[in-house]
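Both counts, for ligands and for their atoms, begin at 1 and track the order of listing.
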Amino acid sequence: MTALNDEAGYDRVRLAQWRAGNARLPGLNRRALLRLTAAGGLALAATGTASAPASAAGPIVKPLPPEWFDVYGSNAETRWEAMSGQGYLTPVDRFFVRDHTSTPVLDAATWRLRLFGSGLRGSPTAANPVELTYRDLRELPSETITAFIECAGNGRSFFTGQQGQTVTGTAWKLGAVGVARWRGVRLATVLARAGLTRDAVDVLPEGLDPDYVTGGVNLGKVRRPLPVGKALQDVLLAYEMNGEPLPPDHGFPVRLVVPSWAGISSIKWLGRIEVSATPLVSPWNTQYYRLLGPDYPAEGTPVTEQVVKSAFELERGATLAAGRRHVLRGRSWSGHGRIRRVEVSVDGATWAPAKPIGPALDRGWLRWEFPWRPRTAGAYTLRARATDVTGVRQPEVAPYNTQGYLFGAIVRHPVTVSPA
Ligand SMILES: Nc1nc2c(c(=O)[nH]1)N[C@H]1C(S)=C(S)[C@@H](COP(=O)(O)O)O[C@H]1N2
Ligand SMILES: [Mo]
């Protein structure tokens, strides 16, 4: 493990190198990006790589029934009541979708993974890369892991709803997270096969979905660099989700799964991986997924592992009958490791322990329950707070940042108790 394995340290080092002119930015020149970050992203003429548009049927292909999803353009979050009665895993048909543009429908028979760059033996170029077919990948030793993928902006709406703060980005409630069993090939295996050298420092996985254009600026393919240390540690090139081939919306034929890191790292519809002996950056670690605002340094602090969160498997504003015994259920998770303890409050003041159901997994979540017999009718606020294995407990207030990442504070869940 290198020091760069810690995402915060990694990003800080990369940003400094990039500002000093030492990090290359494929698809966008450095001066242009400096202007872009300085101007908040709008002051730039279109640059970036031209590319053939992928065939898109979308933006999202799978059905999004309103009882399971809240939809915001090309993004859809799971309604937490849709997790009620489910097992440990989030069923694929209820799993949230976050597309920067739209879901491309790709053909596994013609799909290729292309690896190139100065960190591979012989420095293959993008025009003459090392190639793997889908069949090649299926024939390599496989591994199965249970892990959550969570958008770094999950819970963002509560910056406004609970803290009165203005933030940019999709106004997710708590449903931009899901846990699945992912089967695939370790990125380490594929990199070794492609001829990884000791000089390699960064890998830059890139999606095959259409270029991301925002504010008239073409930022190119969705991509975010990973340090080689993390890439070799526990990253998977996944082709199965909950025992089925990956569905189109979740990255068919192959996606990256980068456990515990912000969801943006888990690049879907993987097409190319640059392996570089010099540091790489992309707008997704210089402009987006940085904590910016009055409490942070001017260049921002990188978004690191996901924070501790808890959610009730209950509709917001649900009605429950007074004088009856209800069992409140929910789930808690953390990017720092497994959950150690969950407490629930129904009276706005006191906390009592929730009862764990089943295992608390390091890269997954803990399910829990809490029996409740409300005596009198009226409006109540339910709250759940978890503590993870590193001792971090959910706070009352989340630190403000302009793009609304990492909302880890306790979320107030309103319910109505109706007369018996
Ligand atoms: N190629 C590509 N990969 C991507 C994205 C994307 O738009 N394009 N979105 C990212 C973001 S921001 C998140 S949170 C996760 C969401 O994964 P899901 O849609 O399978 O839930 O995918 C990541 N990988
Ligand atoms: Mo995300």
Ligand 1 atoms in contact with Asp99 (distance to a heavy atom under 4.0 Å) = 7 (O)

Please work out whether any backbone atom (N, CA, C, O) or any side-chain heavy atom from C-beta onward of Tyr212 is under 4.0 Å from ligand 1, and answer side chain, backbone, both or neither.
-> neither

Report, as yes or no, whether the 6.0 Å neighbourhood of atom CZ on Arg316 holds more than 12 heavy atoms from other residues, nucleotides or ligands.
-> yes

Backbone, side chain, both or neither: what part of Lys221 comes under 4.0 angstrom of ligand 1, heavy atoms only?
-> neither

Applying a 4.0 Å heavy-atom criterion (strictly less than), which segment of Tyr289 is in contact with ligand 1: side chain, backbone, both, or neither?
-> side chain

What is the ring orientation for Trp111 with Tyr134, classed by angle as parallel under 30°, tilted 30 to 60°, or perpendicular over 60°?
-> perpendicular

With ring centroids as reference points, do Trp372 and Tyr380 lie under 6.0 angstrom apart?
-> yes

If we only count N/O pairs under 3.5 Å, is Asp209 in contact with ligand 1?
-> yes

For atom 23 (C) of ligand 1, what is the nearest protein heavy atom, given as residue, atom name and distance?
-> Gly263 O, 3.3 Å

Mode of Ser266 contact toward ligand 1 - side chain, backbone, both, neither (heavy atoms, under 4.0 Å) | backbone

Aromatic Trp68 / basic Arg79 pairing, under 6.0 angstrom, 45° off normal = no

Quiz item: cation-pi between Arg385 and Trp351, 6.0 Å / 45° = yes

Would you tell me which option among Arg98, Glu150, Arg223 has the nearest heavy-atom contact to atom 16 (C) of ligand 1?
-> Arg98

of all protein heavy atoms, closest to atom 22 (O) of ligand 1 is Arg255 NH2, 3.4 Å

Just by distance, do the side chain of Asp202 and the backbone of Thr278 share a donor-acceptor pair under 3.5 Å?
-> no

